[in-house]
Enquirer: 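Next up is a structure, given as C-alpha cells.
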Amino acid sequence: MSDPQRLQLLRSINEAADAEVLRSLRDHVNDRMASKRSELPIDQFYTELNEAYDAMIRRAISLAEAHMARVGMGSPPVPYAYLLFGSGGRGEQTLSSDQDSGLVYEDEPNAEKAEANRHYFAQLAEQVVLILERLGFPRCEGNVVSDNPSWGMSLSGWNKQLDGWFEHPAWESVRYLLIVADGRSVYGEATLMERIRDHFFANMVKHPAIVGRMLENTMRHKVLVGIFGQLLKERYGEDTGSIDMKYGAYIPMVNAIRLLSIQQGHRSASTLERIKALQEAGVLSEVDAQSYSQAFRLFLQLRLMTTEKLEHGMYANNGKLAVRSLTREMIEQLKKGLRIGKRLQRRVNKQASVRLK
Amino acid sequence: MVKKLMLSVVALLMLFPAMAFAADEGPSASMLNMGLNSLWIIVAFVLVFLMQGGFILLETGSTRMKNAGHVAGKTIFTIGLCALVYWAFGYGIFNGGADISDGVKKFIGWGDFFFSPDVTAADGESYPVTTFFLFQLAFATISLSIAWGGFAERAKLSVYLVFTVLFTIFIYPVVAHWIWGGGWLAEDGAQDFAGSTVVHLTGALAAMAATILLKPRIGKFNKDGSANEILGHNQVFSALSVLLLWVGWFGFNAGSALSVGDGFFGFVAFNTMLAAGAGTVAALLISWAVIGKADISTTLNGALAGLVAITASCAFVDPWAAVVIGLIAGVLVFFSAKMFEKLRIDDPIFALSVHGAAGVWGTLANGLFATEELAATAGVGQGGVFDTGSWHQFWVQLESVVVCGAFVLVASFIILGIMKLVMGLRVTEEQEIVGLDLSEHGTYGYPEQMKKAQNNNLQA
C-alpha cells in the first residue's frame with residue numbers, strides 16, 4: 001500500500017459523488033492498470049485491480065443506498081450483505097469482467113415487515129446493478145445478478161434454496177451450487193455470507209453424492225491441449241488461430257481446484273489461496289501445489305492479453321488469445337501450463353470418483 | 001432393392017426367352033455363364049446407379065437449406081441428360097468399335113455413336129453389350145456427380161446443363177478410354193480396377209477447376225484469410241448418403257469384375273469392406289487427436305476416402321493391404337481438407353479431398369501393395385514394390401495419375417473458362433444470398449422453414 005497514486009485513487013473512488021464521476025474513475029483505473037500489465041507481478045496486478053473494483057462496487061452500493069433514501073424508501077431496514085460470485089467472488093476479475101452478484105439480508109419474523117424488506121432490497125439491488133452497468137460492468141449472461149429474485153433474498157430464503165438444490169441436484173442446480181461456493185461478501189454484514197457457507201457445508205455432509213454431480217458439471221470444459229501436446233485453437237471465424245483462454249485454460253483449472261477445495265470444506269474462494277490451503281491440508285504435495293500455482297498464474301497473465309473492446313459502453317472480452325501474438329517461449333510455457341492443467345483435471349476426476357465408491 | 005432385382009430378372013428373361021422356353025435342350029454351360037454374368041452386371045449397375053441417391057443426400061446434407069431443392073433436383077436432371085449424351089457420343093469416344101488407325105486409338109475411341117447394340121449376346125461373348133453399356137454409363141454419371149461438388153451453392157442452372165454435355169463427351173470418356181478402353185495407359189499396364197483415377201480423380205479435378213473459377217461462396221473466407229465454417233443443414237442426410245454410397249460401392253468395385261466366374265468378385269467386395277472400415281476409424285481418430293473433437297463430417301469423409309482409395313486396388317492387393325490403404329486414406333482426407341482450406345479453395349462437400357486426394361492415393365497404392373499373383377489374375381500390370389521389390393508398377397501408376405490428372409484439369413479449365421467468358425458461371429450475389437431454390441426454380445426445397453426464416457428476418 002506504499003503506492004501513493006494507488007491510495008489516492010482509492011480515496012477518490014470512496015468520495016465519488018455520483019455514477020458519472022465513478023465512470024470516469026473506472027476508465028481511469030482500466031487505463032492505468034492496462035499500462036501496468038507488464039510491470040507488476042501478476043498476483044499484485046490482480047490484487048490492485050480487484051481492490052479498485054471492490055472499492056468501486058462498494059461506492060456504487062452506497063450511492064444506491066443514498067438514492068433509495070432520496071426517493072423516500074429510507075435506509076436498509078435490516079443488516080444485509082452484497083455478494084460477488086464468479087471471478088469477482090474469487091478476487092480474479094479481469095479488466096472486462098461482468099457482474100455476477102447476489103444479496104442476502106437478515107430474516108424478519110413479521111410477515112408484513114418481511115414483505116417490505118423484500119421490496120426494499122429488490123429496489124436497492126436494481127439500483128446497484130444499474131449503476132454498475134453505467135460503470136461498464138455488463139450483466140452476467142446467465143442472469144446471476146442481485147436484482148434477480150433467485151439471487152437476492154433473506155438468509156432463510158437462501159438456506160431453503162440451498163436445501164432445494166442439494167435435494168434435487170439437476171444440472172442447473174449443481175451449477176448454482178458451484179457458483180455459491182465462490183461467493184464472497186463485498187459490502188455489508190459479512191457474517192451473513194459465512195452463515196450461507198455454514199449451511200452449504202452442512203448440506204455437503206448430508207449429501208455426499210453431490211460431489212459426483214459436481215464433478216460431472218465441472219469437467220465439461222476441456223483443457224485445450226491435444227494428445228500431441230498441441231494447442232487446440234479456433235479453426236473458423238474471426239478468432240481463427242486463437243485459443244480460448246477462458247474456457248480452455250482458466251475455467252477448467254478454477255473448476256478442478258474448487259472441487260478439491262469444497263471436498264476439504266475450505267472457505268476461501270480465491271484459486272491461489274485454495275491451492276495453498278490444499279497443500280497445507282496435505283491434499284496436494286508441495287511440488288504439485290507449486291506447479292499448479294505457476295500454471296494458474298500464467299493463465300491469469302495470458303487472460304489479460306486477450307483482446308478487450310468496448311461494446312455499448314461495456315468493457316467486454318471474449319476470452320480468446322491470438323496465439324500468433326505470443327513469443328515462441330510463451331507458447332511453450334502455455335503448452336506446459338495446459339498439460340499441467342490437464343493432469344490436474346485427470347487427478348480430480350480420479351480422486352472424486354474414488355471417493356464416491 | 002428387391003423389387004429392382006426382380007424387375008431385372010424379368011427383364012433378363014425377356015431378353016433371353018431361350019432360357020425360359022428351351023426346356024427340351026437345356027441351356028449350354030457357356031450360356032448359363034453368360035446369363036449369370038449379365039445378371040450380376042445388371043445388379044451392379046443398379047447398385048452403382050443408386051449411388052446417385054447417395055450423392056443427392058451427400059450434397060444436400062452438406063449444403064444449406066436454401067439450396068436444398070436445387071442441389072437435389074439438379075442431380076436427377078443431369079443424370080437424365082448424361083444418359084442421352086453418353087448414348088449419343090460418350091460411349092463411342094470411350095469404346096467405339098469403328099476401324100480407326102492404331103495411333104488415334106491410343107487416345108480416343110470412335111464409332112458406335114447413337115449406340116445401337118445387339119439385342120442379345122453373340123456366341124462366345126461373356127455378357128451382352130447392353131449390360132456393359134449401362135454399367136459404364138452409371139460410372140460416367142458418378143464421375144459427373146462428383147464434379148458437381150465444386151459447383152455447389154453458386155453455379156447457374158444453365159452451367160449444369162452445358163457442362164454435363166461437354167464433360168460427358170470430351171472429358172470422362174477420354175480418360176476412361178485411356179485406361180479401360182484399350183488406350184495408351186492400358187497398354188502400359190496401368191492398374192485402376194474400378195476407377196480411383198478414371199471416375200473419382202476425374203470428377204474431383206473437374207470440381208477443382210470449377211471451384212477455382214467460381215471463387216469461394218460468399219462468407220466462406222474472411223479478409224484476413226481465415227475461413228468460416230458454413231455448416232451443412234442436415235448431418236443425418238450426410239450420414240445416410242455415406243451408407244448408400246458404401247452399399248453401392250459393392251456394385252462399383254465387385255461389379256467391375258464383369259463376371260461371376262470363379263467368384264473373384266467376392267474377394268473384391270471383401271477388400272472394399274475392409275478399406276472402408278479402416279478409413280472410417282482412421283478419420284475419426286485423427287480428427288479427435290488433432291482438433292480435440294471427434295468430427296462427424298471427417299468421419300463420414302473417412303469412410304468415403306477408404307472406398308475411393310480401394311477402388312483402384314481392390315482386385316490387386318491382399319486384405320491386410322486393403323486395411324492399410326483405408327487407414328492412410330482416412331488420415332489423408334482429414335489433412336487434405338485442411339490444406340484446401342488453407343489454400344482458400346472452397347470445397348463445400350469435400351470432393352477434392354475425398355475423391356481427389358484419396359483417388360490419387362488409391363491409384364498409387366497399387367504400385368506399392370499390388371501382388372504379382374493378383375495382377376496376373378486380373379491380367380493387368382505387375383506386382384508392386386512390397387511384393388516384387390520393383391518400382392516399375394509404381395511409376396506406371398504415377399504416370400497414369402499425373403497424365404490423367406493434367407488432362408482433366410486442363411480440359412476442365414478450358415471448357416469452364418470458355419463457358420465463363422461466354423455465359424458466366426456464377427449466379428448474382430443477390431441470387432446466391434436468397435438461395436438457388438428461389439432464384440433458379442422459384443420455390444423452396446423446404447417451403448415452411450424458409451418462409452418462417454424470412455419472416456423472422458423481417459421482424460429482426
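As the structure is a computational prediction, the values presented were derived from the model and not from experiment. Throughout, a chain's letter reflects where its sequence line sits, starting with A, and its residues are numbered from 1.
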Enquirer: Answer yes or no: are there more than 12 heavy-atom neighbours, outside B:Phe221 itself, under 6.0 Å from its atom CZ?
Expert: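 More than 12 heavy atoms, drawn from other residues, nucleotides or ligands, come within 6.0 Å of this atom.
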
Enquirer: Could you tell me whether a side-chain N or O of A:Gln230 sits under 3.5 Å from a main-chain N or O of B:Ala289, the two making a donor and an acceptor?
Expert: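 A pair under 3.5 Å: yes.
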
Enquirer: Other residues, nucleotides and ligands only: do more than 12 of their heavy atoms fall within 6.0 Å of CZ on A:Arg134?
Expert: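 At most 12 heavy atoms, drawn from other residues, nucleotides or ligands, come within 6.0 Å of this atom.
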
Enquirer: Determine the minimum heavy-atom distance between A:Leu232 and B:Val290, stating which atoms define it.
Expert: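 Result for this residue pair: CD2-O, 3.1 Å.
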
Enquirer: Tell me whether the count of non-hydrogen atoms from other residues, nucleotides or ligands lying under 6.0 Å of NZ in A:Lys335 goes above 12.
Expert: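 Yes, enclosed.
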
Enquirer: More than 12 non-hydrogen atoms from neighbouring residues, nucleotides or ligands closer than 6.0 Å to NZ on A:Lys36, yes or no?
Expert: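 Counting neighbours around NZ of A:Lys36, more than 12 heavy atoms of other residues, nucleotides or ligands fall under 6.0 Å, so yes.
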
Enquirer: So how far is it from A:Ile227 CD1 to B:Leu285 CG, rounded to the nearest 0.5 Å?
Expert: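 Here the interatomic distance stands at 8.5 Å.
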
Enquirer: What are the two closest heavy atoms between B:Asn228 and A:Tyr236, and how far apart are they?
Expert: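 That closest heavy-atom pairing would be C-CD2, 3.5 Å.
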
Enquirer: Starting at NZ of B:Lys223, measure out to CD of A:Glu238 and round the result to the nearest 0.5 Å.
Expert: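 Reported to 0.5 Å precision, the distance equals 11.5 Å.
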
Enquirer: Is it true that, when you exclude B:Glu229 itself, more than 12 heavy atoms of the residues, nucleotides or ligands shown sit nearer than 6.0 Å to its CD?
Expert: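 Correct, the count exceeds 12.
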
Enquirer: If you count heavy-atom pairs under 4.5 Å with chain A, which of B:Gly292, B:Ala227, B:Ser226, B:Gly225 comes out on top?
Expert: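 Looking at each option in turn, the highest pair count goes to B:Ala227.
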
